[in-house]
Number of protein chains: 2
Amino acid sequence: MTYGTSIPPGEALTALADPTRRAIVEKLARGALPVGELADGLTVSRPAVSQHLKVLSDAGLLTVTPHGTRRLYRLAPEGVAQLRRYLDRLWDDALSNFAAEAERRAASKEP
Amino acid sequence: MTYGTSIPPGEALTALADPTRRAIVEKLARGALPVGELADGLTVSRPAVSQHLKVLSDAGLLTVTPHGTRRLYRLAPEGVAQLRRYLDRLWDDALSNFAAEAERRAASKEP
DNA sequence: ACTTACGGTAAGTTGTGACTTACGGAACAT
DNA sequence: ATGTTCCGTAAGTCACAACTTACCGTAAGT
């Protein structure tokens, strides 16, 4: 029984569409960070970062663990995994369809 | 020598952020289609579909082959592959960082 | 108790992107 | 030649999402 929270991949894709959010995710991929440190090195304000973190969390891509007065954000592997599965399915469908089309093309004389 | 056009994954992610474009991609994953047939079964107008197809093409996710007066759109496996590689790198970084953090936590007495 | 870090939320502004209708150009048919 | 089908592009509208500043909690330090 796999039991993931199963947020549809659309939210995660929407979340990763924003360049600032991608920058955040890529930073977090290399280690958990509090909001303040994330905001340094980014061109936007700290509240903006907070808002982005909410979007990413809602998409299942991040988890939070309060540590004293700060909140450590870290990448959620399961969130990334779900996106990978979605793309894998696209990939598989596309390839098997390619094979089917090639076969069909070979059956009739002209493409 | 693999030689892909190497469009940054940001464009593909932005392209897949839109639900209508995801619907298009998922249809195309099951077989190539002309614009008109794509537009049927979608809630938006045909010109809207054309615009979406442009975005997806620019992102490297689609290829076009003119067939008479119609244009057959099909999913580009390499485009999907590039997204998969991006997510794989995120995944790998996240996991190796997890290991490093766990080790660090084990080294000091308190988490 | 007061102050100082840290961070989430409210409110308001603004650019952008997803849509529409209208139009124009190719390719095939008659 | 003319009409028809298929499709891309232009122009304009409108909603939303990504910011900003301001404010209010909460936890720790002194």
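Numbered from 1 within each chain, the chains take letters A, B, ... in sequence-line order.
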Can you check each nucleotide of nucleotides 4-15 of chain D against protein heavy atoms at under 4.0 Å and return B for base, S for sugar-phosphate only, - for none, in 5' to 3' order? --BBBBBB----
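With hydrogens and angles ignored, the 3.5 Å screen pairs a side-chain donor or acceptor of B:Arg22 with a backbone N or O of B:Leu16.
Going from atom CG of A:Leu16 over to atom P of D:dA18 covers 12 Å, rounded to whole Å. Atom CG of A:Asp58 is separated from atom C1' of D:dA17 by 15 Å (rounded to the nearest Å). Computed from coordinates, the A:His67 NE2 to C:dA5 C1' distance equals 17 Å when rounded to whole Å. Taking atom CZ on B:Arg22 and atom C1' on C:dA18, their separation rounds to 14 Å, with Å as the unit. Atoms CG (A:Leu56) and P (C:dG7) sit 16 Å apart, rounded to a whole Å. Rounding to whole angstrom units, CD1 of residue A:Ile24 and P of C:dG7 are separated by 13 Å. Here C:dG15 presents its C1' atom at 13 Å from CG of A:Asp18, a figure rounded to the nearest Å.
Shown here is B:Arg70, whose CZ atom has no more than 12 heavy atoms of other residues, nucleotides or ligands within 6.0 Å.
When all heavy atoms of B:Asn97 and A:Ala29 are compared, the closest pair comes out as CB-O, 3.6 Å.
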Run A:Tyr73 and A:Glu37 through side-chain contact (heavy atoms from CB on, under 4.5 Å) and show every step you take. CA-CA 11 Å; A:Tyr73 284 88; A:Glu37 295 197 30; over 6 Å; no
Could you please spell out the steps behind the salt bridge (Lys or Arg N to Asp or Glu O under 4.0 Å) verdict for B:Arg84 and B:Asp88? CA-CA 6 Å; B:Arg84 293 211 307 169; B:Asp88 285 356; 5.9 Å; no
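Counting heavy atoms from C-beta on, the side chains of B:Arg74 and B:Leu28 never come closer than 4.5 Å. Using a 4.5 Å cut-off on side-chain heavy atoms (C-beta onward), A:Leu75 and A:Leu62 make contact.
Remark: D:dT30 base-pairs with C:dA1; criterion is Watson-Crick or G-U wobble with both hydrogen-bond distances under 3.5 Å. Pair check for C:dA26 finds D:dT5; Watson-Crick or G-U wobble, both atom distances under 3.5 Å.
Between B:Thr20 and the phosphate of C:dC19, there is a side-chain N or O to OP1/OP2 separation shorter than 4.0 Å. At the phosphate of D:dC19, OP1 or OP2 sits under 4.0 Å from a side-chain N or O atom of A:His52.
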